[in-house]
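I have placed the structure first, in the form of structure tokens, so that the comments after it can refer back to it.
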Protein chains: 2
Amino acid sequence: MVLKEFLNQIIAGDCREVLSELPAKSADLIVTSPPYGSRRKNSYGGIHPDHYVEWFLPISLELKRVLKDTGSFILNIKENVEKGERHTYVIELVLQMRMQGWLWTEDYVWHKKNCYPGKWPNRFRDAWEHCFHFTKQHQFAMYQDAVRVPMGDWKEKRLRRLSETDMRRDNSRAQSGFGKRIANWVGREFAYPTNVLHLATECSNRGHSAAFPLELPTWFIQLLTKPGDVVFDPFIGSGTTAIAAAKLHRHFVGIEIDAMFVKLAKERLRAEEAGKSIPLILPEYANE
Amino acid sequence: MVLKEFLNQIIAGDCREVLSELPAKSADLIVTSPPYGSRRKNSYGGIHPDHYVEWFLPISLELKRVLKDTGSFILNIKENVEKGERHTYVIELVLQMRMQGWLWTEDYVWHKKNCYPGKWPNRFRDAWEHCFHFTKQHQFAMYQDAVRVPMGDWKEKRLRRLSETDMRRDNSRAQSGFGKRIANWVGREFAYPTNVLHLATECSNRGHSAAFPLELPTWFIQLLTKPGDVVFDPFIGSGTTAIAAAKLHRHFVGIEIDAMFVKLAKERLRAEEAGKSIPLILPEYANE
DNA sequence: GTTCCGCATGAATCGATAG
DNA sequence: ACTATCGATTCATGCGGAA
């Protein structure tokens with residue numbers, strides 16, 4: 001049970017087994033997007049919504065063991081529709097996780113700016129998902145200054161956002177003190193964000209699909225860890241969480257059951273190390 | 001039990017008593033923002049979060065009786081923080097209302113663009129609330145065309161020339177075919193919205209505070225009723241729902257326990273009738 | 001080096017049809 | 001009656017090649 005040998009690895013396997021090998025209280029942050037309740041086959045064989053809670057509870061218990069006492073667990077999930085209704089497995093899971101001892105600290109909303117198209121007689125397109133924030137204690141690590149955003153009126157914010165991106169291209173290697181550097185450039189006031197994140201999904205990546213965009217784990221990693229900390233993702237898929245952690249100089253441990261995704265995640269990480277040129281894009285906050 | 005005598009009235013009283021006097025299956029839409037679980041005194045004496053569900057369930061049962069079979073119930077609510085955690089009374093209420101026979105059709109998110117200021121060590125400002133959509137049947141009245149919004153400007157370029165891929169997608173039975181029915185798209189100016197509403201709170205109302213902005217009931221009234229229909233609000237407060245209904249030529253029935261609010265709501269309605277000049281503002285959808 | 005523009009694709013859901 | 005499959009419907013975004 002030595003953490004070191006797992007660090008910065010994508011581990012192939014069922015997280016229910018792999019997690020038990022990881023030492024207790026070793027993660028500063030767990031951020032993940034497990035397979036949603038669905039009848040369709042997916043990497044875990046398709047978990048029926050009616051059995052989702054009983055499937056997930058042993059995993060969340062292991063996650064609680066593996067998390068540091070001051071750490072955080074971010075669970076990205078969404079209740080899907082079954083027979084015309086939103087299924088209740090998500091809210092039932094929240095209640096059960098509290099019975100396990102988790103604290104339900106917050107429910108961040110990810111507003112998906114480019115949600116899936118479609119039209120139905122009784123509902124509109126689904127444009128949001130939960131990012132539940134669970135902790136083990138009331139006191140936990142949080143670095144709010146790392147995710148501050150420029151404030152100001154609508155027009156000026158647009159211009160500022162452009163210059164921000166340019167600046168970031170130049171400085172993408174040096175990570176610390178992000179906000180301060182922007183402050184030097186822009187010389188404006190900063191505001192703390194809210195619990196609503198406005199992010200587009202990444203849909204035009206040929207060959208792979210990510211459950212969430214890079215900006216999502218990036219934001220929570222910046223908010224809830226410091227450089228050198230350890231970030232876990234037990235359902236890492238194409239490796240997005242690992243890439244976000246690596247870019248921000250955090251360690252990661254990723255687990256993935258699907259061999260194809262393991263291969264893909266490793267490839268993406270290698271490309272990331274080689275290229276290094278892709279600018280890190282922070283989420284935008286619509287203050288308008 | 002004649003509906004007519006209640007129409008377009010603000011009725012002073014406890015909704016638990018007044019509702020029982022209203023005839024069954026008389027409302028096309030119920031839209032309301034009940035007092036949230038809180039220890040602070042408010043119009044219903046301050047409902048402790050731990051007792052919220054048992055307090056609300058008799059009311060939701062009456063609402064179910066009073067609603068038409070094809071009607072909708074929009075419940076604007078938010079779990080507040082108790083001892084550092086989001087309280088579970090809201091999700092417990094959803095589960096219990098389903099036990100009463102309500103269908104949990106959707107959970108719209110109201111993104112509060114200008115949310116309440118403040119700073120805390122372990123959370124950010126709360127910028128969203130639930131608007132739960134409950135129905136009695138899978139088939140219910142919905143007028144989606146009434147709330148369409150202008151499309152993003154991407155459309156101009158996209159549809160200028162029909163790409164070869166659109167055709168291919170059409171022929172090859174791709175999983176989701178944008179290329180289908182291209183004729184439907186030519187010249188289309190409006191898109192259907194999503195389940196995320198971007199509305200500012202009303203903050204500068206002299207002397208009173210509204211639970212939600214006029215645009216919120218306006219949007220749901222347009223979506224879920226037609227002119228001449230009947231809209232209920234059992235916790236009408238300063239009368240926002242009534243004003244929205246009146247502007248849209250729907251009938252309303254409002255109930256309010258606090259005499260001061262009853263007076264205020266009636267005043268606002270009178271001013272509305274006299275002035276008539278205030279333009280109706282539709283919600284904006286952030287297309288950026 | 002910009003800006004413009006074509007283009008693939010995505011945690012979807014409903015209703016009808018088939019087993 | 002109950003489940004599995006399939007076709008129909010619909011936007012917005014970032015990438016990459018062209019101007």
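Lettering of chains follows the sequences in order, A, B, ..., and the numbering in each one begins at 1.
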Could you tell me which residues satisfy side-chain contact (heavy atoms from CB on, under 4.5 Å) with B:Arg98, sequence neighbours excluded, listed by chain and number?
A:Glu85, A:Thr88, B:Trp104

d(NE2, B:His198; C1', D:dA12) in whole Å:
13 Å

Under the salt bridge (charged side-chain N to carboxylate O under 4.0 Å, His left out) rule, collect the residues that match up with A:Lys78, sequence neighbours excluded.
A:Asp126

C:dC14, C:dA12, D:dA12: which one has an atom nearest the side-chain heavy atoms of A:Tyr116?
C:dA12

Residues at least two apart in sequence or cross-chain that pass side-chain contact (heavy atoms from CB on, under 4.5 Å) with A:Glu106, listed by chain then number, are A:Tyr108, A:His133, A:Asn195, B:Arg86, B:Arg123

Looking at residues 118-132 of chain A, who's got a heavy atom less than 4.0 Å off DNA chain C?
A:Trp120, A:Pro121, A:Asn122, A:Arg123, A:Glu129

Which residues pass the salt bridge (charged side-chain N to carboxylate O under 4.0 Å, His left out) test with B:Lys136, not counting sequence neighbours?
B:Asp69

Roughly how many Å is it from CD in B:Glu189 to P in D:dA12, rounded to a whole number?
13 Å

Whole-Å gap separating C1' (D:dC15) and CG (A:Leu214)
15 Å

Should A:Arg86 be listed as having a side-chain N or O under 4.0 Å from OP1 or OP2 of C:dA12?
no

Under 4.0 angstrom, heavy atoms only, what part of the nucleic acid is B:Tyr192 near: base, sugar-phosphate, or nothing?
sugar-phosphate

Whole-Å distance between D:dT13 C1' and A:Trp110 CH2?
13 Å

Got a sec, which residues hit side-chain hydrogen bond (donor to acceptor under 3.5 Å, both in side chains) with B:His138, two or more places apart in sequence or on another chain?
none

Any pair counted as salt bridge (Lys or Arg N to Asp or Glu O under 4.0 Å), so long as it reaches residues 190-200 of chain B, sequence neighbours left out:
none

Can you sort out the partners of A:Leu57 under side-chain contact (heavy atoms from CB on, under 4.5 Å), two or more places apart, ordered by chain and number?
A:Val53, A:Ser60, A:Leu93, A:Gln96, A:Met97, A:Gln100

For atom CG of A:Leu199 and atom P of C:dG10, their distance in whole Å
18 Å

If I take atom CG in residue A:Asp50 and atom C1' in nucleotide D:dT3, what distance separates them, rounded to the nearest angstrom?
13 Å

Regarding A:Arg268 and A:Glu272, does a basic nitrogen lie under 4.0 Å from an acidic carboxylate oxygen?
no

Can we call the ring centroids of A:Phe235 and A:Tyr44 under 6.0 Å apart?
yes

Can you tell me the distance, in whole Å, between the CD atom of A:Glu215 and the P atom of D:dT13?
13 Å

Need one value for A:Pro34: base, sugar-phosphate or nothing, where a base atom within 4.0 Å counts as base even if backbone is also close, heavy atoms only.
base

Would you mind classifying the nucleic acid contact of A:Ser33 as base, sugar-phosphate or nothing, using non-hydrogen atoms under 4.0 angstrom?
base

A:Glu202 CD to D:dC15 C1', in whole Å, measures 11 Å

Return the 5'-most residue of the pair A:Gly84, A:Ala211 with respect to DNA chain C, ranking by each residue's nearest nucleotide.
A:Ala211

All stems that DNA chain C takes part in, i.e. 3 or more consecutive Watson-Crick or G-U pairs with distances under 3.5 Å, are C:2-10 with D:11-19, C:12-19 with D:2-9

